[in-house]
Every structure is written in structure tokens, then in C-alpha cells.
Amino acid sequence: MLTENIMRTLSKLAFAALVLGFVTPALAQATGNTSITVEQPWARATPGGAKTGAVYMTLDNKSGTADRLTGASSDVADKLQIHEMKVENGVMKMREIAGGLSIPASGSVVLKPGSYHVMLIGLKKPLTVGEKFPLTLTFEKAGNISVTVPVQAMGATQDKGGMGKMDKMEMK
Ligand SMILES: [Cu+2]
């Protein structure tokens, strides 16, 4: 009987140690700077002569503090902006997001065709399928994060036709 009680106590202690082991690093992360993970970045291939392109990705905020994507830079284009797309009076329009794109605490934001994107303005050469290029994202709290962006086909996967209609869109 006594040994059984001891065994129970021991297993409770082991369980507590296990729980603490998981909880401690999570707390440490939440109290520090934000930690942003950039998942599955990709860019749409561009037809020859195109002067603009777009990069998509998922931004995952694992911290308990909201952050903000304020800018981006890359060698492939003269200028990069954080854009959003919206239908206004039946017309699809895109514009730079004033103040950057906010990423909620313990949440994520998806940049995808027809929605948020990192706009490449003044492309130095067409983006061709299979190539990769470096991109540096700047966050208000997490600082700079560099990723490698693979170029995917123009009609690629997640595509709902958003950026494909770009030539017909107004840019503000
Ligand atoms: Cu745009």
C-alpha cells in the first residue's frame, strides 16, 4: 500500500515536471520581443516586360505581443510596398497600407492573391518559375527577417485570379 502511494506521488511529480517543461519556454517567449515566423513565401512568375510583381506568405506571430510588418527590401525590384486589395464600388483596387500590416498577438496574417501582398515595384527582370530570390522583411518589434522566395507559375495554386487582373486595376 505504501509503495503504491509513493508511486502515485512520483508520477504526479513527473507530470508536473513535464508540464513545467512545456510552460516555461512559452512564458519566456511571450515576455520577450515578438517572434514572427514567415511561412511558405512565394512570388508569382511575371510575363516579360512586367514592371511589377507580388510576394505572398503567412506571417505567424507566436508571441503575446502584436507586431507590424512595416517594410520590405529585395534586389529584384527598385521599391517594395506592403499592399492591400479591396473591392470599392465594384472595382478591385490596391493601395499601400498606411503604417504597415498589423499581425495580432498569438495570431497570423495570410498574404495571398486578391488580398494582402508585398508589392515589387520596378522589377529589374522578369521573375521566372523555379528561380529564388532573397527578401528582407522589416517588423516593428521583431526587426529584420530574411527569407528566400521561390517563384511559382503564373496560374499557381492558391491563385484566385486576384493579381492576374492587376493590369486592369487602379493603383492609388
Ligand atoms: Cu499591389
Side-chain angles (χ1 to χ4, degrees), residues 33-172:
N33 279 337
T34 64
S35 70
I36 301 286
T37 314
V38 180
E39 286 158 12
Q40 297 177 317
W42 67 285
R44 172 88 55 83
T46 58
K51 285 289 169 219
T52 57
V55 184
Y56 310 103
M57 70 202 75
T58 298
L59 299 174
D60 197 17
N61 185 354
K62 302 213 188 304
S63 77
T65 310
D67 206 341
R68 197 171 275 277
L69 173 63
T70 54
S73 64
S74 177
D75 288 343
V76 299
D78 294 329
K79 196 163 92 173
L80 281 74
Q81 291 180 348
I82 317 302
H83 277 194
E84 67 177 332
M85 262 188 196
K86 268 185 187 167
V87 177
E88 279 175 18
N89 302 320
V91 183
M92 185 74 112
K93 292 181 178 177
M94 68 172 173
R95 65 180 57 162
E96 189 171 12
I97 305 172
L101 175 59
S102 53
I103 307 143
S106 307
S108 61
V109 175
V110 181
L111 286 76
K112 61 182 182 196
S115 180
Y116 302 122
H117 55 277
V118 174
M119 190 88 199
L120 306 170
I121 300 162
L123 271 183
K124 291 172 183 166
K125 61 183 185 63
L127 300 177
T128 51
V129 177
E131 75 171 343
K132 290 177 178 175
F133 62 89
L135 171 77
T136 301
L137 301 164
T138 304
F139 297 89
E140 199 174 71
K141 301 204 176 77
N144 285 346
I145 297 177
S146 293
V147 292
T148 300
V149 181
V151 179
Q152 295 182 10
M154 268 183 260
T157 56
Q158 300 96 321
D159 181 16
K160 294 280 190 290
M163 294 301 279
K165 293 172 191 151
M166 195 173 232
D167 292 345
K168 295 169 201 154
M169 270 184 282
E170 284 179 46
M171 197 163 142
K172 281 192 173 179

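All figures in this text were calculated on a predicted structure; none of them were measured in a lab. For ligands, and for the atoms within them, numbers begin at 1 and follow the listed sequence. As a basis for the values below, the full set of heavy atoms in this structure was taken, side chains included, without hydrogen atoms, waters or symmetry mates.
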- Does any N, O or S atom of M94, backbone or side chain, fall under 2.8 Å from the Cu ion (ligand 1)? yes
If we ignore hydrogens and angles and just use 3.5 Å, is the side chain of K62 paired with the main-chain N or O of T37 as donor and acceptor? no
- [ ] Inspect the contact between K79 and E96 and indicate whether a charged nitrogen and a carboxylate oxygen are less than 4.0 angstrom apart.
- [x] no
- Query: Would you find a donor on one side and an acceptor on the other, under 3.5 Å apart, between the side chain of T70 and the backbone of T138?
  - Reply: yes
Next item on the list: Please answer whether the main-chain N or O of S63 pairs with a side-chain N or O of S106 as donor and acceptor at a distance below 3.5 Å.
Entry: yes
Restricting H83 to its N/O/S atoms, the closest one to the Cu ion (ligand 1) is ND1
**Message:** Any N/O/S atom from M119 (main chain or side chain) under 2.8 Å of the Cu ion (ligand 1)?
**Reply:** yes
